Amino acid sequence: MGADDRSSVNIMIHNAWYAAGLSVDFEVEKLEKRTICEKAMVLWRSAEGEVVAHDDRCCHKRMPVSAGRFLEGGVLECPYHGLCFDSTGACVKIPSAPDAPIPKRARLLPFTVREKDGVVWVWPGDPDAIGDIEPIDTPEIASPDWDTIHGDLFVKGNSVLMVENVLDLTHFYPLHGNSIGQYADTQIDFEVETGEIGGSGFVRTSRDVDSYPQSEGFQDLLIHEVADSSSSQTVIGPGVLIAKRTNWPAGGRAKNEDPKELVNYHLFAPHDRASHKYTYVVNMPKNQMCGSDPNKRGVDRAKEFFPSVFEEDVWAIEMQQKMCEVPNGDYAEVNLATDLALVRGRKMLFDLYDKEA
Ligand code: FES
Ligand SMILES: [Fe+2]
C-alpha cells in the first residue's frame with residue numbers, strides 16, 4: 001500500500017486545523033489529553049482564559065504532564081520529579097535544583113491553538129505552513145440563536161474513510177435504512193462544486209428536491225412529512241465536513257414557509273493512520289422542536305437519535321479499515337458516477353498529503 005496508490009487511504013495530513021474539542025470542553029486548569037496525528041498533547045485553559053496545547057511528554061523523562069496537577073500561580077507540576085511549567089510551556093521550577101539556573105531547553109514544546117466560534121482548533125504540523133489558512137467559521141455553535149449538542153466517537157479507521165462516508169449520501173440506504181435513509185434517496189440528482197474557503201480547498205455536493213417524502217428519521221427531526229428540501233455536504237480540508245439541510249412543507253420553498261433547519265459539523269482528528277476521533281456537533285435554530293414530541297427540542301431528539309446512526313457509520317468504516325490493511329494484489333476500487341464528489345475529495349486530500357511530503 002504505497003503513498004502513491006490512490007485506491008488506498010493510508011494517509012495522514014499534519015498541516016491542517018483539527019478540532020481538539022468545543023470551547024465548553026475546556027475549563028480553566030482542567031487537563032485534557034489528545035493524540036492528533038500521532039502527537040501526544042496536553043491542553044488546558046489558563047487562568048487568563050487562553051487555551052494552550054503542548055507536547056504531553058515532560059522534557060525531563062517523558063512522564064505525561066497531563067497526569068500532573070496545578071499549583072498556586074497556575075503552574076503545572078509534573079507528577080514524577082516535580083518540574084513545573086507555566087502556560088507558555090517554560091519550566092519555572094526544578095525542585096531538586098532550586099538555586100541553579102533553569103536550562104533553556106527545559107520546556108514543553110508548544111502547538112499552535114486557535115479558539116474561534118466555540119471550537120478549539122490545533123495545528124499539529126509545521127506552524128510555518130499555516131500561512132493564511134483559517135479555521136472554519138462555525139457561527140451556529142457560537143450563536144445564542146441556535147441550540148447545539150455534541151459528542152465524540154473513537155473510530156478505528158483512517159479519517160479519510162469517515163470524510164468520504166459523510167460526503168456520500170448514497171450510503172443512507174442500506175446502511176441507515178432503518179433511520180435516516182430510504183432506497184429512493186440514493187437516486188436523487190446532485191451537483192458537485194469545488195473551490196476555496198479561508199485558504200482551504202473544499203468539495204461540496206448539493207441536492208434539491210420538492211414534494212419529497214422524508215424518511216422517518218427526518219420527519220421526526222425536521223417535522224415535515226413531505227417536504228421541499230435542500231441539503232449540502234461540504235468537506236473543507238482533511239478535518240471538517242459541514243452538512244446542512246433545510247426542509248419546508250411541500251410547496252413552501254419559494255415563500256420560505258416554516259423552514260426547519262439542521263446544521264451538522266462533522267470534525268475529524270486523525271489519531272494515527274488507522275484511527276481518528278470523530279466529533280459531531282448538531283445545531284438547530286433555538287427551540288426548533290421535533291416531530292414526535294412538541295415539547296422536546298430537535299437537538300435533544302438528535303442527541304438520542306444520531307449516536308446510533310453514527311455507530312452504523314463507525315461499524316462500516318472499521319470494516320473498511322480492516323480491508324484496507326489487506327495487500328491490494330489485483331484489487332482496485334470501482335468509482336460509480338455517484339462517487340464524483342468522493343473522487344474529487346480524495347484527490348484534494350491526496351494533493352495536500354503530497355504537498356506535505
Ligand atoms: S519526568 Fe517530569 S519531572 Fe521528571
Ligand atoms: Fe452515514
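Just so you know, ligand 1 is whichever comes first in the structure, and atom 1 is the first atom listed for that ligand. Since the model is a prediction, treat every value here as computed from it, not as a measurement.
In terms of protein heavy-atom proximity, atom 1 (S) of ligand 1 is nearest to Lys61 N, 3.3 Å. For atom 4 (Fe) of ligand 1, the closest heavy atom belonging to the protein is His81 ND1, 2.0 Å.
Tested against Ile149 for a side chain to side chain contact (heavy atoms under 4.5 Å, CB included), the candidates Arg301, Met284, Lys303 yield a single pass: Lys303.
Residue-ligand proximity, Cys78 to ligand 1, at heavy-atom distances under 4.0 Å covers atoms 1 (S), 2 (Fe), 3 (S). Within ligand 1, counting atoms from 1 as listed, the ones closer than 4.0 Å to a heavy atom of Cys58 are 1 (S), 2 (Fe), 3 (S). In the vicinity of Gly82, heavy-atom distances shorter than 4.0 Å reach the ligand 1 atoms 3 (S). Those atoms of ligand 1 with a heavy atom of Leu83 less than 4.0 angstrom away are 3 (S).
Restricting His60 to its N/O/S atoms, the shortest distance to atom 4 (Fe) of ligand 1 is reached by ND1. The Fe ion (ligand 2) is closest to atom OD1 of Asp313 (considering only N, O or S atoms). Considering just the N/O/S atoms of His171, the one nearest the Fe ion (ligand 2) carries the name NE2.
Under a 4.0 Å N-O distance rule, the pair Asp189/Arg207 does not qualify as a salt bridge. Arg69 and Glu29 are not joined by a salt bridge, as no carboxylate oxygen comes within less than 4.0 angstrom of a charged side-chain nitrogen. By the 4.0 Å N-to-carboxylate-O rule, Lys296 lies close enough to Glu304 to be salt-bridged with it. Asp351 and Lys347 are joined by a salt bridge, as a carboxylate oxygen and a charged side-chain nitrogen come within less than 4.0 angstrom of each other. Contact check on Glu38 versus Arg273 returns no salt bridge, with no Lys/Arg side-chain nitrogen under 4.0 Å from an Asp/Glu carboxylate oxygen.
Ring-centre distance between Phe310 and Tyr280: below the 6.0 Å cut-off.
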